[in-house]
Amino acid sequence: MTTPTDPRADHTQAPFTDGGTVKLLVGPKSSPFTVHEELIRSRAAFFDTALKNCWAEGRSGQVMMPEDEPDVIKLYVQYLYTSKIYLERTTTSANLKSSDNLPEYIVLAKVYVFGERIQDSEFKNSVVNAILARASEIIEGKHWYPITSAVDTIYKGTTTGSLGRQLMVEVHVLRGGANFISDDQEMNNKDFLADLARAMLRAARQVQIAAGPFPGLSSIIDARKYHEKVEVTSERRMDLRSMDAVDGEGNTMEKH
């Protein structure tokens with residue numbers, strides 16, 4: 001006989017069912033999202049500050065967010081009540097190039113940036129977990145990683161030293177391929193490329209140190225790979241052959 005599922009849960013995990021609420025008016029159309037004030041203020045420093053009584057938002061119970069996307073706020077509000085990020089999964093590689101982002105990565109990059117802006121560390125940590133979990137899954141025998149536009153979104157929405165930026169760099173160092181960098185230079189975030197180059201050089205140096213004393217470059221680099229081809233025309237070759245030989249003091253030497 002099947003054991004029935006135990007419906008009990010710790011009381012500290014109960015969702016909010018009472019208390020005051022606030023309204024988030026999101027995007028150019030002011031799409032409304034209602035959330036318990038105590039919950040959102042306990043999670044995000046941005047909202048805790050904005051909803052203080054000394055500000056108009058705190059007195060009205062409304063926060064205007066015209067620059068934000070309703071789909072991003074929807075994911076955040078859902079997370080506040082469930083601790084889950086509800087994403088539409090990509091299940092097939094049809095119509096996807098190896099240099100494409102999975103749609104999930106674009107969404108996750110946007111919500112990470114939102115978490116950065118409102119200063120909700122727990123939410124950002126969950127987004128990081130979601131990115132790594134998605135990167136560990138396989139679609140038709142292949143892993144997919146956040147690249148180009150997803151990376152650019154995180155870099156443009158964070159500052160130097162951001163852990164989100166560091167994650168993007170480490171993903172590329174550990175799993176990167178040439179196709180991760182777009183031939184269209186406008187697609188590649190320049191700050192990211194600089195961070196990636198430094199990280200790759202540090203990784204290479206660690207490998208060198210582990211291998212022992214550095215050998216001379218001439219012993220490991222074949223100089224001929226960097227030699228340009230010397231071309232001499234047949235006419236020039238004939239001219240050289242007809243020239244009188246000259247000794248070390250500049251005197252013409254007779255041919256025998």
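Quick caveat: nothing in here was measured; it's all calculated off a predicted structure.
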Inset, instruction - Flag the pair Leu24 / Ile40 as yes when at least one side-chain heavy-atom distance between them is below 4.5 Å, and no otherwise. - result: yes

Inset, instruction - Check whether any side-chain heavy atom of Tyr112 lies under 4.5 Å from a side-chain heavy atom of Leu167, and answer yes or no. - result: no

Legend entry - Stepwise side-chain contact (heavy atoms from CB on, under 4.5 Å) test for Val151 and Phe180: CA-CA 10 Å; Val151 172; Phe180 282 28; over 6 Å; no

Inset, instruction - Verify whether one side chain among Ser93 and Glu140 offers a donor that lies under 3.5 Å from an acceptor in the other. - result: yes

Inset, instruction - Determine yes or no for a side-chain-to-main-chain donor-acceptor pair under 3.5 angstrom, with Gln78 supplying the side chain and Ile85 the backbone. - result: no

Inset, instruction - Identify the two heavy atoms, one from Thr148 and one from Ser99, that lie closest to each other, and give their separation to 0.1 Å. - result: OG1-O, 4.4 Å

Inset, instruction - Look only at the side chain of Tyr145 and the backbone of Val171, and say whether a donor-acceptor pair between them is shorter than 3.5 Å. - result: no

Legend entry - Heavy-atom pair of closest approach, residues Tyr76 and Ala44: OH-CB, 3.7 Å

Legend entry - Smallest separation among heavy atoms of Val63 and Glu57, with atom names: CA-CG, 4.0 Å

Inset, instruction - Considering non-hydrogen atoms only, spot the tightest contact between Leu25 and Ser30 and give its length. - result: CD2-O, 3.8 Å

Legend entry - Sub-4.5 Å side-chain heavy-atom contact between Lys190 and Gln185: no

Inset, instruction - Decide yes or no for Glu88 and Val107: does some side-chain heavy atom of the first lie under 4.5 Å from some side-chain heavy atom of the second? - result: no

Legend entry - Minimum heavy-atom distance Tyr226-Ile221, with the two atoms named: CE1-CG2, 3.6 Å

Legend entry - Beyond-backbone contact of Ile131 with Pro146, side-chain heavy atoms, under 4.5 angstrom: yes

Inset, instruction - State, yes or no, whether a side-chain contact exists between Lys110 and Glu69 at a heavy-atom distance under 4.5 Å. - result: yes

Inset, instruction - Output yes when Asp195 and Arg198 qualify as a salt bridge under the 4.0 Å nitrogen-oxygen rule, no when they do not. - result: yes

Inset, instruction - For the pair Val173 and Met200, evaluate side-chain contact (heavy atoms from CB on, under 4.5 Å) and give the outcome as yes or no after the intermediate values. - result: CA-CA 6 Å; Val173 170; Met200 295 291 283; 3.8 Å; yes

Legend entry - Side-chain (Asn189) to main-chain (Tyr155) donor-acceptor, under 3.5 angstrom: no

Inset, instruction - Evaluate side-chain contact (heavy atoms from CB on, under 4.5 Å) for Met65 paired with Phe114, printing each intermediate quantity in order. - result: CA-CA 11 Å; Met65 307 178 72; Phe114 179 72; 3.6 Å; yes

Legend entry - Heavy-atom side-chain contact between Leu163 and Val128 under 4.5 Å: no

Inset, instruction - Might you work through the side-chain contact (heavy atoms from CB on, under 4.5 Å) test for Asp68 and Arg117, ending with a clear yes or no? - result: CA-CA 11 Å; Asp68 289 287; Arg117 186 163 70 82; 2.4 Å; yes

Inset, instruction - Going by the side-chain hydrogen bond (donor to acceptor under 3.5 Å, both in side chains) test, name the single residue among Glu116, Arg165, Gln166 that passes it with Thr158. - result: Arg165

Legend entry - Any side-chain heavy-atom pair of Val22 and Phe47 under 4.5 Å: no

Legend entry - Test: Glu104 and Arg89 ion pair at under 4.0 Å: no

Legend entry - Contacts of Tyr79 that satisfy side chain to side chain donor-acceptor pair (under 3.5 Å) - sequence neighbours left out: Ser126

Inset, instruction - Give a yes or no on this: more than 12 heavy atoms of other residues, nucleotides or ligands lie within 6.0 Å of atom CG of Asp222. - result: yes

Inset, instruction - Look only at the side chain of Asn101 and the backbone of Ile147, and say whether a donor-acceptor pair between them is shorter than 3.5 Å. - result: yes

Inset, instruction - Taking all non-hydrogen atoms of both residues into account, name the closest pair between Ser98 and Lys142 and its distance. - result: CB-NZ, 2.9 Å

Inset, instruction - Determine the interplanar angle of the Tyr81 and His36 rings, folded into 0 to 90°, and report it as parallel if under 30°, tilted if 30 to 60°, perpendicular if over 60°. - result: perpendicular

